[in-house]
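Lettering follows sequence order; numbering is per chain, from 1.
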2 protein chains.
Amino acid sequence: MARIKTNKDVTRREVITKAAAALFREKGYKAASMRDLAVKVGVEAASLYNHIRSKTELLHDICFNVANHYMEHMYAVENEPVSAIAKIERLIRFHIRQMVENYEEVYVSDREWRHLSDPYLSNYHNQRRNYRKRFTAIVEQGIQNNDIKSIDAATAVLVILHAISGIESWHRSKQKIDAAELEKNMVTILVDGLRN
Amino acid sequence: MARIKTNKDVTRREVITKAAAALFREKGYKAASMRDLAVKVGVEAASLYNHIRSKTELLHDICFNVANHYMEHMYAVENEPVSAIAKIERLIRFHIRQMVENYEEVYVSDREWRHLSDPYLSNYHNQRRNYRKRFTAIVEQGIQNNDIKSIDAATAVLVILHAISGIESWHRSKQKIDAAELEKNMVTILVDGLRN
DNA sequence: CCTACCGATCGGTAGG
DNA sequence: CCTACCGATCGGTAGG
């Protein structure tokens, strides 16, 4: 990560990382081999190491790119001058859109992050907890304002987060519903379940 | 599976399968080695093969035990003389209870089944689709009776199913909420989001 | 249930 | 970017 890169190197590396995300999503991190990845990229396995340091580094890059993106968005939402329920709706819509537009990376960072190794593993774990905590605080704010039913806020956040990550099943299926339609349906189910 | 078994053999096999479920949940199927499993059981790796045929067989047994259990329950619910919304509530409570009481097996069958190999893989895949289809039919029935909001039924089912499987995060956390409390919260969030 | 061991495959390196 | 190759680890078997 602290390497000096030429423009071409960055591009090549991005191609590899993108292919890795697709492969890790398809097979799982452990079941995906560097030889599989090499075939996908169109080079010999050994050649990958001119652009990346290790298999772990690929997973690391995918996970932290996604995490940073989500964290920045959370920060922006927190500082918007709108009601808690409006913030929650924005978070839901953001999650859905990320899942649809950036499917492979989001899926991998959600399901394969446990295969990170330890300086990064606990770092990532902490970021996830921090994100959930801040999401929970918004729900609790909504409860205090009487906009949201008096339920356990942490449970509500888990329900929302996992409901959205379940879009994978929809994504995998042939009958692709319109993305906007999907968003509308999910917001209806989730937010109307919260609203007083 | 077609082997002749003594009583002791059945017990031993069950111990191994239980340990495998815990191990596969903890590390993922691919990252879990038979040597890891042997340590957990307290024998040498080679000795495991007196009780089981292969690593895949362990995954197979875990997945299909859970699947059969869910399928039987679905059948029972379908034939109860209650409203669609009552059926949905029963399904939700069943899922939550299974997730809490039978955590390792349910988790593994939900997240690791894609590592099954191909006669069983497609069989399992079909069972999942069948289960979701029948769940969706119940939701659609509720929509026709005007008990449930006019949303896309398949999306609603995905939301429900994945929201519940997200209990893992709660399970993993230290602050274990009371199980009944959790059930109540989730039913409130999910069912009240559906009810007209 | 163990010791001994196998062929295959893995992530990664050396050297050009 | 490739050829050649490494040490480690894997699932599983033979034979007792």
Check the distance between dC2(D)'s P and M34(A)'s CE and give it to me in whole angstrom. 14 Å
Of dC1(C), dG12(D), dG11(C), the nucleotide closest to the side chain of H51(B) is dC1(C)
Please classify the nucleic acid contact of A38(A) as base, sugar-phosphate, or nothing, using heavy-atom distances under 4.0 Å. nothing
Sidechain N-carboxylate O distance under 4.0 Å for E112(B), K27(B): no
Could you tell me whether F24(A) and H60(A) have their ring centroids closer than 6.0 angstrom? no
Whole-Å distance separating the NZ atom of K55(A) from the P atom of dT13(C): 15 Å
For the residue pair Y70(B) and H95(B), categorise the inter-ring angle as parallel (less than 30°), tilted (30 to 60°) or perpendicular (more than 60°). perpendicular
Please step through ring-ring contact (aromatic ring centres under 6.0 Å, His included) for the pair H69(A) and F64(A), ending with a clear verdict. CA-CA 8 Å; H69(A) 195 186; F64(A) 282 87; over 10 Å; no
With 3.5 Å as the limit, what N/O pairs link the protein to nucleotides 14-16 of chain D?
none

If the cut-off is 4.0 Å, is R12(B) near the phosphate of dC1(C), judged by side-chain N/O to OP1 or OP2? yes
Does A31(A) reach a base, just sugar-phosphate, or nothing at all? Heavy atoms under 4.0 Å. nothing
Expressed in angstrom and rounded to an integer, what is the separation of R35(A) atom CZ from dC2(D) atom C1'? 14 Å
Are Q141(A) and I148(A) side-chain neighbours, meaning at least one heavy-atom pair lies under 4.5 Å? no
Extract the stems that DNA chain C is part of, considering only consecutive pairing runs of at least three Watson-Crick or G-U wobble pairs, both distances under 3.5 Å. C:1-16 with D:1-16
Return the value, rounded to whole Å, for the distance between atom CD of E57(A) and atom C1' of dG11(C). 14 Å
Considering all heavy atoms, the nearest A156(B)-V139(B) contact: CB-CG1, 4.5 Å
Without decimals, in angstroms, what is the distance between L37(A) CG and dG12(C) C1'? 14 Å
How many whole angstroms separate atom OH of Y49(B) from atom P of dT3(C)? 17 Å
Between I88(A) and the options L190(A), I138(A), V187(A), the side-chain contact (heavy atoms from CB on, under 4.5 Å) test singles out I138(A)
Taking the six-membered ring of Y29(B) as reference, does the NZ or CZ atom of K55(B) fall below 6.0 Å from its centre and within a 45° cone about the axis? yes
Atom pair distance, as rounded to whole Å: CD in E44(A) and P in dC10(C): 14 Å
Expressed as a whole number of angstroms, how long is the span from L48(B):CG to dC10(D):C1'? 14 Å
dG11(D) phosphate, OP1 or OP2: any side-chain N/O from S54(B) under 4.0 angstrom? no
Closest heavy-atom pair, A153(B) versus T136(B), reported as atoms and distance to 0.1 Å, is CB-CG2, 3.6 Å
Taking dG11(C), dT3(C), dG11(D) as options, the one with an atom nearest any side-chain atom of S33(A) is dG11(C)
